[in-house]
Amino acid sequence: MRLADLEKYDPITIQCHDNPDADTLGAAYGLYCYFRSRGKQVRMIYSGYSRIQKANLCMMLDKLKLPIEYVEREGQPPFPGLLITVDCQYGASNVTRFEAEHVAVIDHHRIEIEGLEMSRIQSDLGSCSTLVWIMLQEEGYPVNEDVTLGTALYYGLYMDTNQLSEMHNPRDMDMWETLNTNKRLITRFRNSNLSLQELMIAGIAMIRYSYNDEHRFAVIHSQPCDPNILGLISDFLLQVDEIDVCLVYNEINDGYKISVRSCIREVNANELAAFLTEGIGSGGGHAEKAGGSISKKLYEEKYRTLHADAYFNNRMNEYFTQFTVIDAQEYLMDTAGLKRYRKSPELMGYVRVDTIEGIGRSAVLRTQEGDVTLSVTEGTYLILEADGDIIPVSGSQFEPYYDMVEQQFDWRAVTSYEPTLKNQAKDITFRIQDYVKACVPNQNLQVYIKELTQGVKLFPLWDEDGYMLGVPGDYLAAYCDNPRNIFIIRHKQLGENYEEVG
Ligand SMILES: [Mn+2]
């Protein structure tokens with residue numbers, strides 16, 4: 001569904017969820033500006049039991065002059081034309097249900113309500129403001145000419161991603177980098193974020209922690225509060241010497257909200273957040289900071305009456321006991337009796353990064369999975385795997401093992417987000433597709449492989465800070481010509497990309 005599809009309706013009412021937050025307001029305002037520019041009669045409304053009270057939100061409404069109206073729950077005649085619910089789904093428990101001639105939904109949460117005829121739901125986005133920003137761009141709407149709109153969208157994303165720290169979708173980052181905003185106003189909103197009541201909730205939460213001294217993690221269950229306070233508590237907790245990893249969670253009306261932090265290289269917060277929410281919600285972020293949410297309905301289906309405290313503590317323990325850590329610097333694989341495999345000599349893509357004009361010394365590789373910063377020296381390459389993986393390597397990892405060939409290689413991204421390289425200092429973006437050349441793995445690329453029977457976190461020779469994850473069924477591989485050079489081959493990849501050497 002595009003915004004242009006909704007232009008046949010008039011009037012248009014844009015409804016925020018009850019207890020509005022900055023994101024629903026920012027996203028709704030984006031839609032308001034759009035439909036107003038198309039000459040529609042537009043209203044921006046919200047309902048529910050309580051009116052907007054939080055200081056930062058009152059300030060947002062006031063300074064940005066957002067034209068929102070409170071509408072009573074009862075006695076409301078059906079809305080003529082179109083009603084759009086933003087940052088929530090029509091019929092869900094967090095938004096008052098009004099009758100309307102036509103209904104559309106624009107949201108970034110998991111699909112809760114099935115069978116909506118007109119909807120655009122992209123659950124992998126950090127904010128609904130990002131989704132509206134994408135939709136405005138699809139119609140060529142000049143977002144950057146309007147600082148008020150830019151500020152509203154930015155603040156929506158800011159608040160929904162725990163002050164940008166739990167942001168993980170590349171589109172969120174694209175929006176954040178390009179919006180035209182009023183920085184002074186955002187600073188003011190940011191500094192009126194907490195009420196005294198919330199300060200007290202945060203304080204009480206912090207003295208009621210549970211601590212695991214074997215794995216040095218802490219878990220905190222906070223009273224209901226604004227999700228941003230979870231991030232605040234977890235940021236604070238991590239500064240405690242004995243705590244390396246922490247999880248803070250609380251109940252929200254339809255589930256749980258979590259915030260995760262890690263300051264050790266053996267635990268990536270984004271991965272832990274995904275682990276804690278697996279099958280019952282979604283989670284992600286960065287290596288140090290991440291967040292997520294769990295659907296109460298899915299939780300109860302899977303864990304029935306298990307108390308949330310027990311669930312989180314068990315699951316944290318499971319995470320720590322599931323993996324052994326291997327550091328390539330200190331590990332020598334016993335290759336006796338192991339089978340040799342070579343990488344199949346099939347056409348692959350590569351990009352020589354350092355020869356891209358204007359790339360600079362430090363380049364950001366932006367993919368669906370997030371950002372990776374590359375320090376660009378002579379012979380920095382990207383290997384483009386057939387399954388869409390992009391692996392940055394140095395010349396010594398690439399040149400001996402691949403033959404460059406003069407053939408066209410038609411590489412296309414497999415994800416909806418097209419990967420890019422960026423010179424962030426100069427704000428120049430390069431499309432990977434424009435620089436792809438072809439190569440073929442040669443005879444030198446032979447490895448010994450060993451099947452994993454246990455989960456492994458492997459720090460390879462070329463990356464001391466980032467690990468590769470292997471699960472039982474995957475393989476540990478060592479280069480035949482350099483057994484210290486080890487890495488993980490996923491179960492599926494072995495059959496597809498490698499062949500046994502007789
Ligand atoms: Mn939101």
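This structure is a prediction, so every number in the text was calculated from the model and none was measured. Read the numbers this way: they start at 1 and go in the same order the structure lists the ligands and their atoms.
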**Student:** If you count every heavy atom of other residues, nucleotides or ligands that lies below 6.0 Å from Lys302 atom NZ, does the total exceed 12?
**Tutor:** yes
**Student:** Taking side chain as C-beta onward, heavy atoms only, is Arg261 less than 4.5 Å from Asp235?
**Tutor:** yes
**Student:** Counting backbone and side-chain atoms alike, does Asp21 have an N/O/S atom under 2.8 Å from the Mn ion (ligand 1)?
**Tutor:** no
**Student:** Does some side-chain heavy atom of Tyr435 sit less than 4.5 Å from a side-chain heavy atom of Leu382?
**Tutor:** no
**Student:** Restricting to N, O or S atoms, which atom of Asp87 is closest to the Mn ion (ligand 1)?
**Tutor:** OD1
**Student:** Please confirm if an N, O or S atom belonging to His108, backbone or side chain, lies less than 2.8 Å from the Mn ion (ligand 1).
**Tutor:** yes
**Student:** To the nearest 10 degrees, how large is the angle at the Mn ion (ligand 1) between Asp23 OD2 and Asp160 OD2?
**Tutor:** 90°
**Student:** For Leu83, is there any backbone N or O sitting under 3.5 Å from a side-chain donor or acceptor partner on Tyr90?
**Tutor:** no
